[in-house]
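A quick write-up on the structure given underneath.
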Amino acid sequence: MTALRSRVETACAARFNSVLANLYRDGSDSMGWHSDDEPELGERPVIASLSLGAERYFRLRRKLPRGVRAFPDDTLRLPLPHGSLLRMAGETQRLYRHDLPKAGTVHSARLNLTFRWVNRRNTLSR
(Lines give C-alpha, C1' and ligand atoms only; values in the text may rest on other atoms or scores of the structure.)
Protein backbone atom coordinates (compact mmCIF):
# COMPACT_ATOMS: atom_id res chain seq x y z
CA MET A 1 0.00 0.00 0.00
CA THR A 2 2.93 2.34 0.73
CA ALA A 3 4.31 1.91 -2.80
CA LEU A 4 0.87 2.46 -4.30
CA ARG A 5 0.34 5.57 -2.18
CA SER A 6 3.68 6.94 -3.38
CA ARG A 7 2.66 6.48 -7.04
CA VAL A 8 -0.71 8.17 -6.43
CA GLU A 9 1.01 11.06 -4.62
CA THR A 10 3.32 11.56 -7.60
CA ALA A 11 0.46 11.43 -10.10
CA CYS A 12 -1.64 13.89 -8.07
CA ALA A 13 1.15 16.20 -6.85
CA ALA A 14 -0.19 15.82 -3.31
CA ARG A 15 0.58 14.00 -0.05
CA PHE A 16 -1.76 11.50 1.59
CA ASN A 17 -1.78 9.93 5.05
CA SER A 18 -5.01 7.97 4.82
CA VAL A 19 -6.77 5.59 2.47
CA LEU A 20 -10.42 4.53 2.52
CA ALA A 21 -11.24 1.22 0.82
CA ASN A 22 -14.74 0.54 -0.53
CA LEU A 23 -15.71 -2.77 -2.10
CA TYR A 24 -18.65 -2.70 -4.51
CA ARG A 25 -19.53 -6.38 -4.99
CA ASP A 26 -21.51 -5.70 -8.17
CA GLY A 27 -23.81 -3.06 -9.65
CA SER A 28 -26.31 -3.36 -6.80
CA ASP A 29 -23.80 -1.73 -4.40
CA SER A 30 -23.72 2.05 -4.68
CA MET A 31 -22.87 5.30 -2.88
CA GLY A 32 -25.39 8.14 -2.66
CA TRP A 33 -24.85 11.83 -3.36
CA HIS A 34 -22.33 13.40 -0.97
CA SER A 35 -19.31 15.67 -0.65
CA ASP A 36 -16.12 14.77 1.17
CA ASP A 37 -16.24 17.97 3.21
CA GLU A 38 -15.49 16.79 6.73
CA PRO A 39 -13.50 19.34 8.80
CA GLU A 40 -10.54 16.97 9.19
CA LEU A 41 -9.99 17.05 5.41
CA GLY A 42 -9.41 20.81 5.40
CA GLU A 43 -10.88 23.64 3.33
CA ARG A 44 -9.69 22.50 -0.12
CA PRO A 45 -8.78 18.82 0.10
CA VAL A 46 -7.09 16.83 -2.62
CA ILE A 47 -8.80 13.46 -2.92
CA ALA A 48 -7.47 10.74 -5.21
CA SER A 49 -9.84 7.92 -6.13
CA LEU A 50 -8.28 4.79 -7.63
CA SER A 51 -10.66 2.31 -9.28
CA LEU A 52 -9.77 -1.38 -9.57
CA GLY A 53 -12.03 -3.96 -11.17
CA ALA A 54 -15.36 -3.44 -12.91
CA GLU A 55 -15.94 -0.18 -14.75
CA ARG A 56 -18.52 2.03 -13.08
CA TYR A 57 -19.89 5.49 -13.72
CA PHE A 58 -19.08 8.33 -11.35
CA ARG A 59 -21.41 11.32 -11.32
CA LEU A 60 -20.73 14.90 -10.30
CA ARG A 61 -23.18 17.80 -9.99
CA ARG A 62 -23.20 21.29 -8.53
CA LYS A 63 -24.61 21.70 -5.02
CA LEU A 64 -28.00 23.39 -5.18
CA PRO A 65 -30.04 25.17 -2.52
CA ARG A 66 -32.39 22.93 -0.54
CA GLY A 67 -35.57 22.22 -2.51
CA VAL A 68 -34.06 23.02 -5.93
CA ARG A 69 -33.93 19.96 -8.17
CA ALA A 70 -31.11 19.32 -10.62
CA PHE A 71 -31.81 18.69 -14.28
CA PRO A 72 -30.28 15.55 -15.84
CA ASP A 73 -28.10 17.75 -18.08
CA ASP A 74 -26.58 19.31 -14.94
CA THR A 75 -24.85 16.03 -14.06
CA LEU A 76 -21.43 15.07 -15.39
CA ARG A 77 -21.13 11.29 -15.90
CA LEU A 78 -17.61 9.85 -16.05
CA PRO A 79 -16.70 6.22 -16.74
CA LEU A 80 -14.07 4.92 -14.31
CA PRO A 81 -12.45 1.85 -15.89
CA HIS A 82 -10.03 -0.50 -14.13
CA GLY A 83 -6.87 1.35 -13.15
CA SER A 84 -8.31 4.84 -13.50
CA LEU A 85 -7.32 7.59 -11.10
CA LEU A 86 -9.72 10.46 -10.44
CA ARG A 87 -8.30 13.56 -8.72
CA MET A 88 -10.68 15.97 -6.99
CA ALA A 89 -9.16 19.18 -5.64
CA GLY A 90 -9.66 22.89 -5.03
CA GLU A 91 -13.30 23.87 -4.56
CA THR A 92 -14.70 20.52 -5.74
CA GLN A 93 -15.96 19.35 -2.34
CA ARG A 94 -17.38 22.77 -1.44
CA LEU A 95 -19.24 23.31 -4.73
CA TYR A 96 -20.16 19.80 -5.91
CA ARG A 97 -21.63 16.48 -4.80
CA HIS A 98 -20.74 13.12 -6.30
CA ASP A 99 -22.11 9.59 -6.27
CA LEU A 100 -21.65 6.09 -7.65
CA PRO A 101 -25.11 4.99 -8.83
CA LYS A 102 -26.45 1.45 -9.04
CA ALA A 103 -25.61 -0.30 -12.32
CA GLY A 104 -27.78 -3.30 -13.14
CA THR A 105 -25.50 -4.44 -15.97
CA VAL A 106 -22.39 -4.72 -13.75
CA HIS A 107 -21.93 -8.25 -12.39
CA SER A 108 -18.37 -8.13 -11.08
CA ALA A 109 -16.59 -6.37 -8.24
CA ARG A 110 -14.93 -2.97 -8.03
CA LEU A 111 -12.52 -1.88 -5.32
CA ASN A 112 -12.15 1.85 -4.80
CA LEU A 113 -9.20 3.24 -2.88
CA THR A 114 -9.66 6.87 -1.86
CA PHE A 115 -6.48 8.61 -0.74
CA ARG A 116 -6.70 11.80 1.33
CA TRP A 117 -4.85 13.87 3.90
CA VAL A 118 -6.56 13.75 7.30
CA ASN A 119 -5.63 16.61 9.63
CA ARG A 120 -5.47 14.79 12.96
CA ARG A 121 -5.72 18.03 14.94
CA ASN A 122 -9.24 18.57 13.53
CA THR A 123 -10.31 15.02 14.42
CA LEU A 124 -9.19 15.33 18.04
CA SER A 125 -11.17 18.52 18.65
CA ARG A 126 -14.53 16.88 17.99
Side-chain angles (χ1 to χ4, degrees):
M1 191 58 73
T2 301
L4 184 58
R5 180 186 68 189
S6 178
R7 291 183 67 185
V8 172
E9 287 177 336
T10 299
C12 293
R15 293 192 56 220
F16 304 109
N17 65 358
S18 176
V19 64
L20 176 66
N22 284 309
L23 174 64
Y24 300 89
R25 297 164 298 180
D26 56 31
S28 65
D29 288 339
S30 62
M31 178 65 69
W33 288 105
H34 69 284
S35 296
D36 296 315
D37 55 2
E38 294 82 4
E40 61 266 24
L41 299 178
E43 297 257 337
R44 302 177 72 203
V46 176
I47 297 175
S49 176
L50 179 63
S51 296
L52 303 170
E55 180 173 312
R56 295 286 297 268
Y57 279 94
F58 173 90
R59 299 187 302 183
L60 185 73
R61 73 176 178 209
R62 186 174 269 289
K63 287 183 181 179
L64 297 171
R66 190 172 295 281
V68 176
R69 293 186 53 87
F71 291 100
D73 290 349
D74 293 341
T75 301
L76 176 64
R77 190 171 173 251
L78 298 170
L80 297 179
H82 173 71
S84 63
L85 179 63
L86 174 70
R87 180 181 184 268
M88 295 182 282
E91 300 296 322
T92 305
Q93 302 307 318
R94 187 176 70 78
L95 299 175
Y96 295 89
R97 295 187 194 284
H98 55 275
D99 82 339
L100 187 80
K102 293 188 184 300
T105 59
V106 175
H107 302 291
S108 55
R110 171 185 184 257
L111 177 64
N112 177 249
L113 300 175
T114 306
F115 294 87
R116 48 190 84 205
W117 183 270
V118 175
N119 183 341
R120 291 188 173 97
R121 281 177 281 154
N122 290 348
T123 60
L124 296 175
S125 64
R126 286 205 240 173

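Along the sequence shown, residues are numbered consecutively beginning with 1.
The shortest distance between side-chain heavy atoms of Asp74 and Arg62 does not fall below 4.5 Å. Using a 4.5 Å heavy-atom cutoff, the side chains of Arg87 and Val46 are in contact. Residues Glu40 and Arg120 have side chains not in contact (no heavy-atom distance under 4.5 Å, counting atoms from C-beta outward). Within the 4.5 Å cutoff, the side chain of Arg110 has heavy atoms near those of the Ser51 side chain.
Judged purely by atom type and a 3.5 angstrom limit, Asn112 uses its side chain to pair as donor or acceptor with the backbone of Leu50. Distance alone, capped at 3.5 Å, places no donor-acceptor pair between the Gln93 side chain and the Ser35 backbone.
The salt bridge (Lys or Arg N to Asp or Glu O under 4.0 Å) test with Asp99 singles out one residue from Arg77, Arg59, Arg61, Arg56, and that residue is Arg59. With Asp37 as reference, Lys63 is the one residue of Arg97, Lys63, Arg94 to meet the salt bridge (Lys or Arg N to Asp or Glu O under 4.0 Å) rule.
The hydrophobic cluster containing Leu113 does not contain Ile47, counting ILVMFWY residues as joined when their side-chain heavy atoms lie under 4.5 angstrom apart, directly or transitively.
Under the side chain to side chain donor-acceptor pair (under 3.5 Å) criterion, Thr92 pairs with no residue at all, not counting sequence neighbours.
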Check: residues 1-8 side-chain donor-acceptor pairs under 3.5 Å, at least two apart:
none

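Nearest heavy atom pair, residue Val118 against residue Leu41, reads CG2-CD2, 4.1 Å.
Among pairs with a residue in residues 30-57, those fulfilling ring pair (Phe, Tyr, Trp, His ring centres under 6.0 Å) read His34-His98, at least two apart in sequence or across chains.
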